[in-house]
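Take a look at the structure set out below.
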Amino acid sequence: MNYWLVKSEPSVWSWEQQVAKGAKGEAWTGVRNHSAKLFMMQMKKGDRAFFYHSNEGKEIVGIVDIIREHYPDPTDKTGKFVCVDIKADKPLKTPVTLETLKHDKRFADMALIKLSRLSVQPVTTDEWKAICKMGGL
DNA sequence: GCCAACGTTGGC
DNA sequence: GCCAACGTTGGC
């Protein structure tokens, strides 16, 4: 199983909206970056991802499951990009903020910190476990 | 194929 | 609202 992190601006698509979709999940569309696309193409059904709120909040608020592997993004007219379907699993008891991660040496190499514009990114098993613990899970 | 100009993202 | 980082576009 692999771990990931996906970003969304809450004003565009929030964790609350994702939760409201329930087990049916929702297509994670609109990614228009090739690095992010490559990561999405590596996602397998059953992989898990952190759901991060960018701009407002700037914190990891929950965990989602990948429920459908990559397929062409229906919102992309060029047909070049892909999306996956995700469903909300559970929220972190305590959201983990970017601020917290930046001040912890263990996360100095995280893509979230080093490549702040990358909207879909891998998370190592160690990072995953540490963040879950910090989030109260 | 290089690179300047421009657009977008996201932290501050 | 600003700006740094980075991706994309288009002229040459």
Side-chain angles (χ1 to χ4, degrees):
Chain A
M1 143 134 48
N2 286 306
Y3 299 108
W4 311 93
L5 181 146
V6 295
K7 286 188 197 175
S8 184
E9 291 192 40
S11 60
V12 178
W13 183 256
S14 69
W15 170 251
E16 288 72 24
Q17 287 172 286
Q18 186 67 52
V19 169
K21 286 284 174 178
K24 188 165 162 283
E26 177 75 5
W28 192 257
T29 58
V31 173
R32 296 292 180 270
N33 171 286
H34 291 286
S35 306
K37 172 191 164 175
L38 290 175
F39 289 128
M40 285 205 292
M41 293 180 79
Q42 292 172 37
M43 288 180 177
K44 297 290 177 198
K45 198 171 174 180
D47 279 359
R48 319 186 83 197
F50 286 128
F51 192 106
Y52 174 81
H53 275 169
S54 62
N55 264 312
E56 299 166 47
K58 283 169 285 180
E59 57 193 10
I60 295 170
V61 289
I63 292 173
V64 296
D65 289 340
I66 310 303
I67 56 172
R68 183 177 170 189
E69 292 175 17
H70 69 92
Y71 58 99
D73 183 340
T75 69
D76 172 34
K77 291 192 183 87
T78 69
K80 285 183 190 167
F81 292 96
V82 302
C83 61
V84 295
D85 285 1
I86 62 174
K87 77 168 176 64
D89 177 23
K90 57 192 164 194
L92 298 196
K93 288 196 182 101
T94 313
V96 177
T97 65
L98 178 64
E99 183 71 17
T100 305
L101 296 175
K102 282 177 94 167
H103 286 103
D104 192 322
K105 280 187 297 191
R106 288 176 294 170
F107 307 111
D109 289 332
M110 264 190 93
L112 187 64
I113 290 159
K114 282 195 149 178
L115 304 170
S116 63
R117 288 185 52 195
L118 187 59
S119 58
V120 177
Q121 49 187 263
V123 173
T124 68
T125 304
D126 287 346
E127 289 163 353
W128 183 271
K129 285 181 183 164
I131 292 169
C132 284
K133 200 170 177 184
M134 290 159 77
L137 298 178

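Between A:W28 and A:F51, the distance from one ring center to the other falls under 6.0 angstrom.
Among the protein residues, A:L118 comes within range of no part of the nucleic acid, since none of its heavy atoms lies under 4.0 Å from any strand.
Of all nucleotides in DNA chain C having an atom under 4.0 Å from a heavy atom of chain A, the first and last in 5' to 3' order are C:dA5 to C:dT8.
Residues A:Q18 and A:V64 are in side-chain contact: their nearest non-hydrogen atoms beyond the backbone lie under 4.5 Å apart.
Residue A:L38 shares its hydrophobic cluster (ILVMFWY side chains chained together at separations under 4.5 Å) with no other residue. Here A:Y52 is tied into one hydrophobic group with A:M1, A:Y3, A:L5, A:F50, A:I60, A:I63, A:L92, A:V96, A:L98, A:L101, A:F107, A:M110, A:L112, A:I113, A:V123, A:W128, A:I131, A:M134, A:L137, each link being a pair of ILVMFWY side chains closer than 4.5 Å.
Partners of A:D65 under the side chain to side chain contact (heavy atoms under 4.5 Å, CB included) rule, at least two apart in sequence or in another chain, are A:R48, A:I67, A:K87, A:D89. For A:K58, the salt bridge (charged side-chain N to carboxylate O under 4.0 Å, His left out) criterion is met by no residue, not counting sequence neighbours.
Nucleotides of DNA chain C nearest to A:N55 and A:R117 differ in position, and the one nearer the 5' end is that of A:N55.
A:V84 and A:W15 fall within a single hydrophobic cluster, where Ile, Leu, Val, Met, Phe, Trp and Tyr are joined by side-chain heavy atoms under 4.5 Å apart, directly or via other members.
Interface residues of residues 11-19 of chain A facing DNA chain C, ordered by number: none; criterion, heavy-atom separation under 4.0 Å.
The minimum heavy-atom distance linking A:P74 with A:T29 is given by the pair CD-CG2, 4.2 Å.
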